[in-house]
There are 2 protein chains.
Amino acid sequence: MKRTTKDIFYKDETEKLAKYAKALAHPTRIKILNYLDSKSCCFTGDIVEIFPLAQSTISQHLKELKIAGLIQGELKPPKIKYCINDDNWKEAQRLFKNFFNKNIIDENE
Amino acid sequence: MKRTTKDIFYKDETEKLAKYAKALAHPTRIKILNYLDSKSCCFTGDIVEIFPLAQSTISQHLKELKIAGLIQGELKPPKIKYCINDDNWKEAQRLFKNFFNKNIIDENE
DNA sequence: AATACTTATCGTACATTTGCGATAAAAGAT
DNA sequence: ATCTTTTATCGCAAATGTACGATAAGTATT
C-alpha cells in the first residue's frame with residue numbers, strides 16, 4: 001500500500017493554508033481573482049473573454065476557486081454571477097498574514 | 001499544437017505570486033517552513049525526523065522550496081544547513097499582502 | 001585509501017492538474 | 001414546444017506532482 005499525504009496529520013491551519021495556496025498556485029486563477037476583485041462581481045463570459053483559453057478551461061478554474069471557497073456563484077439566468085467570498089477571503093488573508101509574520105511577531109508555534 | 005500556459009502572458013507580479021503560492025500548496029512544505037521559521041535554521045535530517053516520510057521525499061520538498069526561493073542551503077559538511085531566504089520571504093509576504101488587500105486599499109489594478 | 005555519515009538524485013509508479021473539443025443542462029425568449 | 005444563450009460537465013491527452021527505494025555524491029574521519 002502506497003502512503004498518501006492523507007495519512008499524515010497536519011494542523012487545521014496548515015491544511016487550510018495549503019488549500020488556499022493551491023487555489024492561488026496558477027497565474028490564470030490569480031488573474032481571475034484580481035479581475036473579480038476589481039469588478040466586485042462578473043459573469044463567466046466576461047472572464048472567458050480576457051483569456052486566450054477555452055471556455056471549458058476557465059469554467060474549470062472557476063470550479064476550483066469555488067471549491068477552495070474563494071469565490072461564490074449566484075444564478076442570474078441564463079448567466080451566473082461570480083463574486084469573491086468575503087468570509088473565506090478574509091480567512092485566507094489572515095492565514096497568509098499569520099504565516100509570513102510568524103518569525104517577526106509570533107515566536108511560539 | 002497544444003497550447004500551454006507558457007504561451008499566455010501575465011504580469012510579473014502575478015507569476016511570482018503563483019510561484020510562491022505553488023511552493024506553499026502542500027501541507028508538508030508549510031510545516032517545513034514553519035519549522036525552519038521557529039528554529040531559524042536547521043539540517044535536512046532534523047526535518048526528516050518530524051515527518052513519517054522518506055528522506056528522499058523531504059529532500060524533494062526542500063528542493064522545491066529552494067527553487068521557489070523561499071529557503072537557502074549552506075554547506076556545513078557533512079550536513080546542509082537550511083534557512084529561510086529573508087529577501088524572498090519578504091517579497092512573498094508583500095505580494096500576498098498586496099493581493100489580499102487590493103479590494104480594500106488599492107482600487108486601481 | 002577506506003569507511004561512515006549526510007543529503008541529493010535517479011528511476012519508477014500512481015495521482016492530480018491543465019488543457020481541449022464536444023456535449024449536456026438550465027432557463028429565458030420566440 | 002422549440003430555439004438560443006450561457007455555463008457546467010464529460011472524456012481524453014499530456015504534463016506535472018508526490019511518494020518510494022536504491023544509488024550516487026560529497027566531505028570528514030580513520
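Naming: A, B, ... by sequence-line order, numbering from 1 per chain. The basis for the numbers below is simple: all heavy atoms, side chains too, and nothing from hydrogens, waters or symmetry mates.
Close to C:dA27, at under 4.0 Å from its OP1 or OP2, lies no side-chain N or O of A:Lys76.
By the 4.5 Å heavy-atom criterion applied to side chains, B:Tyr82 and B:Cys42 are not counted as neighbours.
In this structure, the CG atom of B:Leu24 is 16 Å from the C1' atom of D:dG17, given to the nearest Å. Whole-Å rounding puts the B:Lys22 NZ to D:dA15 C1' distance at 10 Å. Atom CD1 in A:Ile67 sits roughly 12 Å away from atom C1' in D:dT9 (whole-Å rounding). Atom NZ of A:Lys19 and atom P of C:dT17 are 14 Å apart (whole Å). Taking atom CG of residue B:Leu53 and atom C1' of nucleotide D:dG17, one finds them 14 Å apart after rounding to whole Å. Between the CD atom of B:Glu74 and the P atom of C:dT6 there is a distance of 18 Å, rounded to whole Å. Between the CD atom of B:Glu49 and the P atom of C:dC5 there is a distance of 15 Å, rounded to whole Å.
Checking C:dA27, D:dG17, D:dA19 against every side-chain atom of B:His26, the shortest atom distance belongs to D:dA19.
Follow the hydrophobic side-chain contacts under 4.5 Å out from B:Ile8 and you reach A:Val48 in the same cluster.
The distance from the CD1 atom of A:Ile71 to the CG atom of A:Leu65 is 4.5 Å, given to the nearest 0.5 Å. From A:Glu13, atom CD reaches atom CD of A:Glu91 across 8.0 Å, with rounding to the nearest 0.5 Å. Taking NZ from B:Lys31 and CZ from A:Phe9, the interatomic distance works out to 11.5 Å, rounded to the nearest 0.5 Å. Remark: B:Ile80 CD1 to B:Cys41 SG distance equals 13.0 Å, nearest 0.5 Å.
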Using a cutoff of under 3.5 Å, can you pull out all pairs of nitrogen or oxygen atoms linking the protein to nucleotides 7-10 of chain C, with atom names and distances?
| unit_1 | atom_1 | unit_2 | atom_2 | d |
| --- | --- | --- | --- | --- |
| C:dT7 | OP1 | B:Thr44 | N | 3.3 |
| C:dT7 | OP2 | B:Gly45 | N | 2.9 |
| C:dA8 | OP1 | B:Tyr82 | OH | 2.2 |
| C:dA8 | OP2 | B:Ser59 | OG | 2.8 |
| C:dA8 | N7 | B:Gln55 | NE2 | 2.9 |
| C:dA8 | N6 | B:Gln55 | OE1 | 3.1 |

